[in-house]
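This report refers to the structure that appears directly beneath it.
Order of listing sets the numbers, starting from 1, for every ligand and every atom in it. Just so you know, these numbers use all the heavy atoms, side chains as well, and skip hydrogens, waters and symmetry mates.
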Amino acid sequence: MTALRLALVQLAVGAQKTANLVSARSKVLAAAKAGANMVVLPECFNSPYGTQYFSQYAEEIDTASPSESIKALSEMARDSKVFLVGGSIPEREKSTGDLFNTCTVWSPEGELVAKHRKVHLFDIDFPGKIVFKESEVLKPGNSLTEFSTPWGKFGVAICYDMRFPEVAMIAARRGCVGMIYPGAFNQTTGPLHWELLLRARAVDNQIFTAACSPALDRSATYHAWGHSTIVDPYARIVATTSDAEDIVYGDLDLDLIGNVRQAVPVYSQRRFDLYPDVSAAG
Ligand SMILES: NC(=O)CC(=O)C(=O)O
């Protein structure tokens, strides 16, 4: 199997949903033309990121009767023939009206292959810097998510989920070769933790990690960190960028996973006689 070319679309997201979808489509098609097999969009790629926007932009996820963003995502994946990790959108559950922050994953045929509702809601209070409480309007998802590709299984989780090591550890121990995180860290937490967390999840589990952010928009209410990044199983940065709109490409050599696990065999040296194997959970 040849290397997987991964592309992270660091999209400039604005207030116009349709314009966001049109722009995302053109960048997904451009990434496919550049040889990408898997393309990732950012957290909240169809709407500005903020609790005040979620209800207005929310859509039901119903492939039998697809709404604007769901139709656009399916068509982007099908027309570009890539696996598409469709960032996230505010989702409204039909039966309850509850809102979620949800990532959909699409096959190269445009079929929905996975759906992840952010399981850890972003509730933080950084005095003098940033207060954000997703739980004021969102409900958390209740399951972990993975999807299969010809290159192996990938775990998918959203932004704040990245801070919880169990999510990546469970995915890795279940055989995933990488974790994909649509995310939107900010100008406070981004410089502190974004790269550190991606490299930590990679080194702990000896897998690839990648996180895709929106571009920074100083006129928006939330100032995204950008710096979409791909990390290899040795925890080396494969590719990254600034805070401007961009597409980040990385060629993932899956053999690196076996190589690092042979060189530094922590993966097979765990002492489950002393602590539990978390992969049984979730
Ligand atoms: N936006 C998030 O969910 C998380 C984040 O910005 C952070 O953890 O920092």
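At least one heavy atom of E43 sits under 4.0 Å from some atom of ligand 1. For the pair Y222 and ligand 1, a heavy-atom separation below 4.0 Å is found. Under the 4.0 angstrom criterion for non-hydrogen atoms, K118 is in contact with ligand 1.
With a 4.0 Å heavy-atom cut-off, ligand 1 is reached by the side chain of Y49 but not by its N, CA, C or O. Heavy atoms of R163 found under 4.0 angstrom from ligand 1 belong exclusively to the side chain.
For R271 and Y275, the positive end is not near the middle of the six-membered ring at less than 6.0 Å and at most 45° from its axis.
Using a 4.0 Å cut-off between a side-chain N of Lys or Arg and a carboxylate O of Asp or Glu, D123 and K133 do not qualify as a salt bridge. Electrostatic pairing of E93 and R117 counts as a salt bridge here, judged by a charged N lying under 4.0 Å from a carboxylate O.
F164 has its ring centre less than 6.0 Å from the ring centre of H120.
Looking at heavy atoms from C-beta onward, Q52 lies in side-chain contact with T221 at the 4.5 angstrom threshold.
For ligand 1, the atoms closer than 4.0 angstrom to any heavy atom of T189 are 6 (O), 7 (C), 9 (O).
When the options P182, C159, A224 are ranked by their closest heavy atom to atom 2 (C) of ligand 1, first place goes to C159.
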